[in-house]
Amino acid sequence: MAVNIVHTHMKTSHLPKKKNSLPEEGKTKKSDNPSFYEKVFEIARQVPKGKVTTYGAIAEAAGIKLSARMVGWALRYSGRVKPPVPAHRIVNRVGLLSAKHQFPTPTLMQEMLEQEGILIKDDKILNFKDVLWLPAIAQTKTTK
DNA sequence: TTGTTGACCGAGT
DNA sequence: AACTCGGCCAACA
């Protein structure tokens, strides 16, 4: 049994309805709680130079582990938010530069990473294990 | 309102 | 190793 009743009362007004109304820009809106967009940006900004992290890792750190897709969705806006977000340091779980087409030029993401000492071949990070940086996960035992 | 689409992930084939 | 599938959830037609 245990039928799940889905409540649809949750407001979505704190999320951007149009491309021009981002949470960062319109943070004076009615939403008092930080949207997950801000969480994503905040975590992404912590990635050190010369390191990368993954969508899933950010999702987990933001408390939405199963929704890594939304991290990528949120990062679409990362180019226009106020403290800058090093979006080029975020790749998918296998080290592929899946976001490279979202940058001003198709080669910019790779170039920026290479400037930080990261080796890339065929849109894939070669030394992925070495440069992978994982954000601190709130209240989660990482002893594995 | 329903259906489709993502800068994804993990498990299964 | 490559591919498919189901799940997650916001935005959009």
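Just so it is clear: chains get the letters A, B, ... in the order the sequence lines come, proteins before strands, and each one is counted from 1. Both backbone and side-chain heavy atoms feed into the values below; hydrogens, waters and symmetry mates do not.
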Indicate for each nucleotide in nucleotides 2-8 of chain C, in 5' to 3' sequence, whether protein heavy atoms under 4.0 Å reach the base (B), only the sugar-phosphate (S), or nothing (-).
-----BB
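- For the 3.5 Å distance criterion, the side chains of A:Gln110 and A:His88 fail to qualify, holding no donor opposite an acceptor.
- Ion pairing of A:Glu116 with A:Arg89 is present here, as a side-chain N (NZ or NE/NH1/NH2) and a carboxylate O approach within less than 4.0 Å.
- Proximity of a side-chain donor or acceptor of A:Ser67 to a complementary backbone N or O of A:Met70 within less than 3.5 Å is not detected.
- If you check C:dA10, B:dA7, B:dC9 against the side chain of A:Asn92, the one that comes closest is B:dC9.
- What separates CG of A:Leu75 from C1' of C:dA11 is a distance of 16 Å, to the nearest Å.
- Taking every heavy atom of residues 98-123 of chain A and every atom of DNA chain B, pairs under 4.0 Å involve A:Ser98, A:Ala99, A:Gln102, by number.
- The separation of C:dT4 from B:dT5, taken at their P atoms, amounts to 16 Å, rounded to a whole angstrom.
- In this structure, A:Ile64 atom CD1 and B:dG10 atom C1' are separated by 17 Å, rounded to whole Å.
- Regarding A:Trp73, its CH2 atom lies at a distance of 16 Å from the P atom of B:dT4, rounded to whole Å.
- No donor-acceptor pair closer than 3.5 Å links the side chain of A:Asn127 to the backbone N or O of A:Asp130.
- Checked options A:Ile120, A:Val131, A:Leu119; the residue passing with A:Leu126 is A:Leu119 (criterion: side-chain contact (heavy atoms from CB on, under 4.5 Å)).
- The hydrophobic clustering, which links ILVMFWY residues whose side-chain heavy atoms are closer than 4.5 Å, places A:Ile118 and A:Met109 together.
- Atom OH in A:Tyr55 sits 13.5 Å away from atom CH2 in A:Trp73 (nearest 0.5 Å).
- Between A:Glu42 and A:Arg45 there is a salt bridge, since at least one side-chain N of the basic residue sits less than 4.0 Å from a carboxylate O of the acidic one.
- Nucleic acid contact class of A:Ala59 (heavy atoms, under 4.0 Å, all strands): none.
- For the P atoms, the distance linking C:dA2 with B:dA7 amounts to 22 Å, nearest Å.
- Residue A:Leu97 is tested with A:Val91, A:Asp122, A:Ile90 for a side-chain contact (heavy atoms from CB on, under 4.5 Å); the sole match is A:Val91.
- Rounded to whole angstrom, the span from the CG atom of A:Leu96 across to the P atom of B:dC9 amounts to 10 Å.
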